[in-house]
Visitor: 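First the structure, then my questions, so here it is.
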Amino acid sequence: MRNFKFLICVCALLVARGASAQNCSMSTNLAGYAWYGTMGMEAGLGLAQHWTATAGAIYNPFSFRSDSGAIRQSKQRTFSAGARFWPWHIFSGWWLAGKAQYQEYNEGGIKSPMTREGDRVGGGVSAGYTYMLGTHFNIELGVGMWSGFDRYVVYECPECGRRLDKGGKAFLLPNDISLSVSYVF
C-alpha cells in the first residue's frame, strides 16, 4: 500500500508541475472497468515535443461469487513507469511506448477453479492512437505486450488453500488493451 501512496504523490507532482502549460495528462482505462472492475490511472508529463514520461497504477480488490457458489477474481496491484514517443505532437495522434512494470496478482475461478497468485516483474511495449475531443479531453486506443519473470503459487481453489504448484518462469502476456479517456492540463 505504501507503493500506491508513493505513486499517487508522484502523479500529483507531475500534474502540479505542468498544470498551466497543457504539459500533463491523467487518464483512466474504461476497458479495464469491464474486466471485473479493474481500476487504473496513468499520469503523463510532457518532456519535449515528441516525448512524454508516464507513471501508472492499476488496482482490483474484488472477488465475485457466481450463482453456483464459485469465486471468480482477478485481483491485482500493478505499478509502471515508462515513456511514450509521439511522432506528431504530445497527447495527439499515434504513439509508441515502453515501460517497466511490477504486478502483484491473485486470479482464479475464471477458466477453472484453480487460483494462481504471485508477482511479475518485466517490461512492455505498446502502441496506440490518441484522438483529441477538445482542448482538454482525449480518447486513447492502445494495445501492447509485456514480458518478464513470474514467481507464482497455484492453489486448488480460491478458498481451500491446498497448494498444487509453486515456482517461477518467464512469461509473455498481452497488456495495455485500452480504451482510455484522458484529461490534458
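Computed over heavy atoms, backbone and side chain alike; hydrogens, waters and symmetry mates excluded. Since this is a predicted model, take the numbers as computed values, not measurements.
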Visitor: Are V125 and F79 connected in a single hydrophobic cluster, I mean Ile/Leu/Val/Met/Phe/Trp/Tyr linked by side-chain heavy atoms less than 4.5 Å apart?
Guide: no

Visitor: Applying side-chain contact (heavy atoms from CB on, under 4.5 Å) to I139 and L133, what does each step give before you reach the verdict?
Guide: CA-CA 7 Å; I139 294 285; L133 295 176; 3.4 Å; yes

Visitor: Of all the heavy-atom pairs spanning I110 and S74, show the shortest one and how long it is.
Guide: CD1-CB, 4.2 Å

Visitor: Taking ring pair (Phe, Tyr, Trp, His ring centres under 6.0 Å) as the cut-off, I'd like each qualifying pair that reaches into residues 144-174, sequence neighbours left out, listed once.
Guide: W146-F171

Visitor: Please table the atom pairs, donor to acceptor, closer than 3.5 Å between any side-chain atom in residues 85-95 and protein atoms at least two apart or in another chain.
Guide:
residue: W86; atom: NE1; partner: T52; partner atom: OG1; Å: 3.0
residue: W95; atom: NE1; partner: T130; partner atom: OG1; Å: 3.2

Visitor: Identify the two heavy atoms, one from S178 and one from N29, that lie closest to each other, and give their separation to 0.1 Å.
Guide: CA-OD1, 3.4 Å

Visitor: Report yes if the side chains of L96 and R84 come closer than 4.5 Å at any heavy-atom pair, otherwise no.
Guide: no

Visitor: Test salt bridge (Lys or Arg N to Asp or Glu O under 4.0 Å) on R151 and E104 and set out the steps.
Guide: CA-CA 10 Å; R151 184 171 295 129; E104 244 179 18; over 6 Å; no

Visitor: Taking side-chain contact (heavy atoms from CB on, under 4.5 Å) as the test, write out the residues that go with K75, two or more places apart.
Guide: S63, Q73, N106

Visitor: Looking only at atom types and distance, does a side-chain atom of D176 sit under 3.5 Å from a main-chain N or O of G142, one as donor and one as acceptor?
Guide: no

Visitor: Using ring centroids (six-membered ring only for Trp), state whether Y183 and F185 fall under 6.0 Å.
Guide: yes

Visitor: Applying a strict under-4.5 Å side-chain criterion to I, L, V, M, F, W and Y, I'd like to know whether V181 and M26 cluster together.
Guide: yes

Visitor: Can E156 and R116 be said to form a salt bridge (Lys or Arg N to Asp or Glu O under 4.0 Å), step by step?
Guide: CA-CA 9 Å; E156 189 173 332; R116 181 183 184 110; over 6 Å; no

Visitor: Just so I know, are the side chains of L141 and Y131 near enough to count as touching, which here means a heavy-atom distance under 4.5 Å?
Guide: no

Visitor: Sequence neighbours left out, what passes ring pair (Phe, Tyr, Trp, His ring centres under 6.0 Å) with F62? Give chain and number order.
Guide: none

Visitor: I'd like to check the side-chain contact (heavy atoms from CB on, under 4.5 Å) partners of S66; sequence neighbours left out, ordered by chain and number.
Guide: S68, A70, R72

Visitor: What distance separates Q76 CD from Y36 OH, expressed to the nearest 0.5 Å?
Guide: 13.0 Å

Visitor: Rounded to the nearest 0.5 Å, what separates atom CG in D165 from atom CE in M114?
Guide: 9.5 Å

Visitor: Do I58 and M41 have side-chain heavy atoms sitting under 4.5 Å apart?
Guide: no

Visitor: Should R120 and L173 be marked as a side-chain contact (heavy atoms from CB on, under 4.5 Å) after you check the CA-CA gap, both sets of side-chain angles, and the distance that decides it?
Guide: CA-CA 11 Å; R120 294 179 181 130; L173 294 171; 3.7 Å; yes

Visitor: Nearest 0.5 Å please: distance from the OG1 atom of T115 over to the OH atom of Y105.
Guide: 11.5 Å

Visitor: So, using side-chain contact (heavy atoms from CB on, under 4.5 Å) as the criterion, who are the partners of I177 when residues are at least two apart?
Guide: V143, P174

Visitor: Is the shortest heavy-atom distance from the side chain of T38 to the side chain of Y33 under 4.5 Å?
Guide: no

Visitor: One pair to check against salt bridge (Lys or Arg N to Asp or Glu O under 4.0 Å): R77 and D119. What are the steps and the verdict?
Guide: CA-CA 10 Å; R77 282 191 291 192; D119 299 293; over 6 Å; no

Visitor: Distance from E42 atom CD to S182 atom OG, nearest 0.5 Å?
Guide: 9.5 Å

Visitor: Answer whether the closest heavy-atom distance between the side chains of V121 and Q103 falls below 4.5 Å.
Guide: no

Visitor: Which atoms form the tightest heavy-atom contact between S147 and L172, and what is the distance?
Guide: CB-CD1, 3.9 Å

Visitor: Would you say the side chain of R162 lies within less than 4.5 Å of the side chain of V154, judging by non-hydrogen atoms?
Guide: no

Visitor: Taking all heavy atoms of L45 and all of C24, pick out the closest pair and write down the distance.
Guide: CD1-SG, 3.5 Å

